[in-house]
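Reviewing the structure listed below.
Side chains are part of it too, since the values below use all heavy atoms of this structure and drop only hydrogens, waters and symmetry mates.
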Amino acid sequence: MKKNNVAVGGVCKSTQGRDAGKYYIIKEVLANGYVLVSDGDCKKLAAPKKKSLKHLHILPEREDAIGDKLAAGARVFDSEIYSALKKYNAAQTTASDADAE
């Protein structure tokens, strides 16, 4: 994982902890290798989760519309984040269903 890929609005997947395998959108990049992430469902924008970069797999994809809004300080709704992550969670569900068979 390269830290220079970390950007507001970027998509990441948790690799450690209770939330392993869950997808998030990066809300804010903090100092010392931490980021604030939100999924729009359990972790809302009002109370994002603080995660270490070493516990995340940063995907090359970025949700540009959400990232631009967050960077500009515009209002972003949790439903926008949830909808943007649907395709990642759907792919994960399909893969886990195939593994179960």
Side-chain angles (χ1 to χ4, degrees):
M1 175 206 52
K2 296 180 182 175
K3 290 185 182 181
N4 58 0
N5 289 344
V6 179
V8 174
V11 179
C12 59
K13 182 178 180 182
S14 176
T15 59
Q16 300 290 315
R18 293 184 210 175
D19 62 344
K22 193 164 191 163
Y23 289 93
Y24 293 103
I25 287 184
I26 298 171
K27 178 187 177 196
E28 186 179 339
V29 179
L30 304 174
N32 301 329
Y34 286 94
V35 292
L36 295 179
V37 295
S38 175
D39 66 356
D41 185 27
C42 296
K43 286 296 172 183
K44 310 269 185 188
L45 282 169
K49 184 172 184 75
K50 182 178 177 183
K51 290 287 281 186
S52 172
L53 285 174
K54 61 185 176 181
H55 295 159
L56 292 173
H57 173 70
I58 307 297
L59 299 174
E61 291 88 9
R62 181 177 184 269
E63 293 298 326
D64 293 325
I66 294 172
D68 294 343
K69 280 183 170 181
L70 287 170
R75 184 169 172 102
V76 178
F77 295 97
D78 291 314
S79 58
E80 291 177 77
I81 292 180
Y82 183 77
S83 296
L85 292 174
K86 268 187 182 179
K87 60 185 169 189
Y88 299 101
N89 291 322
Q92 179 183 9
T93 304
T94 305
S96 65
D97 291 344
D99 292 341
E101 292 177 357

For residues 72-91, which residue pairs qualify under salt bridge (Lys or Arg N to Asp or Glu O under 4.0 Å), counting only residues two or more places apart or in two chains? Glu63-Lys87, Lys69-Glu80
Identify, with sequence neighbours excluded, every residue that meets salt bridge (charged side-chain N to carboxylate O under 4.0 Å, His left out) alongside Asp68. Arg62
Any idea which heavy atoms bring Ser38 and Leu45 closest together, and the distance? OG-N, 3.6 Å
Do Ile58 and Ile26 touch side chain to side chain, with heavy atoms closer than 4.5 Å? yes
If I compare all heavy atoms of Ile66 with all of Ala84, which pair ends up nearest, and what's the gap? CD1-CB, 3.7 Å
Is Leu70 reachable from Tyr82 through a run of I, L, V, M, F, W or Y residues, each pair having side-chain heavy atoms under 4.5 Å apart? no
So which residues get pulled into Leu36's cluster when ILVMFWY side chains under 4.5 Å apart are joined, directly or through others? Leu30, Tyr34
Give every residue pair that meets the salt bridge (Lys or Arg N to Asp or Glu O under 4.0 Å) criterion with at least one member in residues 15-30, sequence neighbours excluded. Asp19-Lys51, Lys22-Asp39
Name all pairs fulfilling the ring pair (Phe, Tyr, Trp, His ring centres under 6.0 Å) condition that reach into residues 11-31, sequence neighbours left out, sorted by first residue then second. Tyr23-Tyr88
Kindly give the heavy-atom pair with the smallest separation between Ala71 and Val8, and that separation in Å. N-CG1, 4.3 Å
